[in-house]
Amino acid sequence: MASRSTLTYSERAARHSHPVAKLFLETAERKQSNVIVSADLTTSAELLKCANDLGPYIAVFKTHVDVVADFNEDTVKGLNELAKKHDFLIFEDRKFIDIGTTVQKQYHGGALRISEFAHIVNASILSGDGIVEALSQVMNAQSFPYKDARALILLAEMTSKGSLATDDYTVQCVELARKQTGTVIGWIANRSLETIPTQSTPSDTEDFLVFTTGVNQSTKGDKLGQQYQTPTMAIERGADFIISGRGIYAAENPIESVQSYQKEGWEAYLKRVKKE
Ligand code: S5P
């Protein structure tokens, strides 16, 4: 079987069993974009303006709604409307980490209303398997209003200097994801994890989506330990979606910048799947 990373988004969408993974792959193909803007903005007005301005060029809009000072019901409504208008998906980068029962309350209900707008969320498995089981229970409950429209990705690696999300922790993310394919559709990682040594054997149809953060066209890092690679490097190393924050929203012209990331990310993808 061809390696996952040399198949096109459409080919992968056609054979993927998870409806949310399919949606991500189809959206990338339809919009010819593998860019995720990480909109780490601190007011609802700035967040929604960013989604409206950059929406046409991205596949996914990534939020940290806990940094939005005036986050409220209208923020949720605005995000949902703009996602429809511009045909993008939403990833709330909440990095759940607590015991299962706490995380269930943080995800569904609660102050941030995350389940109401985020197609995917992420979690660290520092607390063990229970966190994945907990989110799985909520997302797959018959009474859950967004059943089959929500999924989880695992924080398998991090981009910051000195990160402890390495080695056995990363391997355990892969092992756990393989046991929870009804809920886990991929991971945050700096490279493909397809061939890392694991105890379990991947199934023939295994296809976890790779979301890579720390992407920037012009800088190598920041003063707080962030480390960057370029869009091309990230795609060559196996990213399916490239995530950039300040490289896009803090640029002098964010629309020109997102277009440039879209072009570079798409060309690198075409080269990887040999369709250029
Ligand atoms: O390892 C990681 C994982 C994440 S989700 N490193 C990261 O930088 N992130 C997130 O990506 C981080 O929380 C921020 O929202 C974004 C990077 O922003 P940038 O401005 O450095 O591109």
Side-chain angles (χ1 to χ4, degrees), residues 24 34-43 46-47 50-51 54 57-69 71 79 88-97 106-107 112 114 118-126 131 135 151-167 169-170 173-174 177 184-193 208-235 237-252 254 257-258 260-262 264-265:
F24 273 71
N34 43 38
V35 173
I36 301 184
V37 168
S38 175
D40 301 349
L41 299 159
T42 54
T43 65
E46 286 173 295
L47 184 74
C50 179
L54 307 186
Y57 313 102
I58 59 173
V60 184
F61 191 69
K62 182 171 89 61
T63 54
H64 274 300
V65 290
D66 58 354
V67 306
V68 180
F71 178 78
L79 284 171
F88 61 72
L89 299 163
I90 303 177
F91 165 21
E92 164 55 32
D93 185 7
R94 177 62 181 74
K95 298 186 182 71
F96 293 108
I97 197 163
Q106 290 171 322
Y107 173 63
L112 300 180
I114 293 172
H119 298 88
I120 55 167
V121 291
N122 52 355
S124 156
I125 63 158
L126 194 66
I131 191 166
L135 287 167
L152 174 65
I153 64 175
L154 300 181
L155 190 68
E157 289 186 323
M158 291 203 71
T159 55
S160 37
K161 245 178 235 156
S163 160
L164 304 177
T166 57
D167 304 315
Y169 168 86
T170 304
C173 285
V174 176
V184 179
I185 63 163
W187 36 64
I188 299 272
N190 306 327
R191 59 193 166 124
S192 167
L193 303 179
F208 291 105
L209 311 188
V210 181
F211 296 81
T212 298
T213 54
V215 173
N216 195 300
Q217 281 181 331
S218 50
T219 315
K220 290 228 153 54
D222 70 9
K223 290 183 182 148
L224 293 173
Q226 174 68 301
Q227 304 174 108
Y228 290 122
Q229 51 183 331
T230 65
T232 304
M233 281 159 66
I235 300 274
R237 298 182 74 197
D240 297 313
F241 291 90
I242 48 172
I243 304 179
S244 179
R246 287 163 288 180
I248 296 176
Y249 73 76
E252 211 167 284
S257 174
V258 76
S260 167
Y261 279 73
Q262 180 185 7
E264 184 178 338

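Atoms within a ligand are numbered from 1 in the order they appear, just like the ligands themselves. A quick note: this is a predicted structure, and the numbers were derived from the prediction, not measured.
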For this session: Look at ligand 1 and say whether Tyr228 reaches it with a heavy atom at a distance under 4.0 Å.
Result: yes
Exercise. To which protein heavy atom is atom 5 (S) of ligand 1 closest, and what is the distance rounded to 0.1 Å?
Worked result: Asp93 OD2, 3.0 Å
For this session: Carefully, step by step, assess Leu152 and Ile185 under the rule side-chain contact (heavy atoms from CB on, under 4.5 Å).
Result: CA-CA 6 Å; Leu152 174 65; Ile185 63 163; over 6 Å; no
For this session: Write out all pairs satisfying salt bridge (charged side-chain N to carboxylate O under 4.0 Å, His left out) with one or both partners inside residues 222-231, taking only residues at least two apart or from two chains.
Result: Asp222-Arg246
Exercise. Would one find an N or O of Leu155, backbone or side chain, under 3.5 Å from an N or O of ligand 1?
Worked result: no
Exercise. Going by distance only, is there an N or O of Lys95 that falls short of 3.5 Å from an N or O of ligand 1?
Worked result: yes
For this session: Tell me, with the steps shown, if Lys62 and Glu92 meet salt bridge (Lys or Arg N to Asp or Glu O under 4.0 Å).
Result: CA-CA 6 Å; Lys62 182 171 89 61; Glu92 164 55 32; over 6 Å; no
Problem set entry | Residue pair Gln226 / Thr159, side-chain donor-acceptor N/O under 3.5 Å | yes
Seminar exercise, completed: protein heavy-atom neighbour closest to atom 22 (O) of ligand 1 works out as Gly245 N, 2.9 Å
Problem set entry | atom 16 (C) of ligand 1: the protein heavy-atom neighbour that sits closest, reported with distance to 0.1 Å | Ser38 OG, 3.4 Å
Exercise. Any chance the side chains of Ser160 and Gln227 put a donor and an acceptor closer than 3.5 Å?
Worked result: no
For this session: Check the angle between the aromatic planes of Phe241 and Phe211 and answer parallel, tilted or perpendicular using the 30° and 60° thresholds.
Result: parallel
For this session: Could you check which of Val37, Ile248, Asp40 puts a non-hydrogen atom nearest to atom 14 (C) of ligand 1?
Result: Asp40
Seminar exercise, completed: For Lys62, the ligand 1 atoms with a heavy-atom partner under 4.0 Å come out as 10 (C), 11 (O), 14 (C), 15 (O), 16 (C)
For this session: Please report which non-hydrogen protein atom sits nearest to atom 13 (O) of ligand 1, along with the residue it belongs to and the distance in Å to one decimal place.
Result: His64 NE2, 3.0 Å
For this session: Return yes if a side-chain donor-acceptor contact under 3.5 Å exists between Glu264 and Thr232, otherwise no.
Result: yes
Exercise. In the protein, what heavy atom is nearest to atom 2 (C) of ligand 1, and what distance, to one decimal place, separates them?
Worked result: Thr213 OG1, 3.2 Å
For this session: Nearest heavy atom to atom 17 (C) of ligand 1 wins, so pick from Arg246, Gln226, Met158.
Result: Gln226
Exercise. Any idea which protein heavy atom is nearest atom 1 (O) of ligand 1, and the distance to it?
Worked result: Thr159 N, 2.8 Å
Exercise. Going through the distances and angles, do Val60 and Phe88 end up as a side-chain contact (heavy atoms from CB on, under 4.5 Å)?
Worked result: CA-CA 5 Å; Val60 184; Phe88 61 72; 5.9 Å; no
Exercise. With only distance considered, is Ser160 within less than 3.5 Å of ligand 1 through an N or O on each side?
Worked result: no
Exercise. Are Asn34 and Asp240 linked by a side-chain donor-acceptor pair shorter than 3.5 Å?
Worked result: no
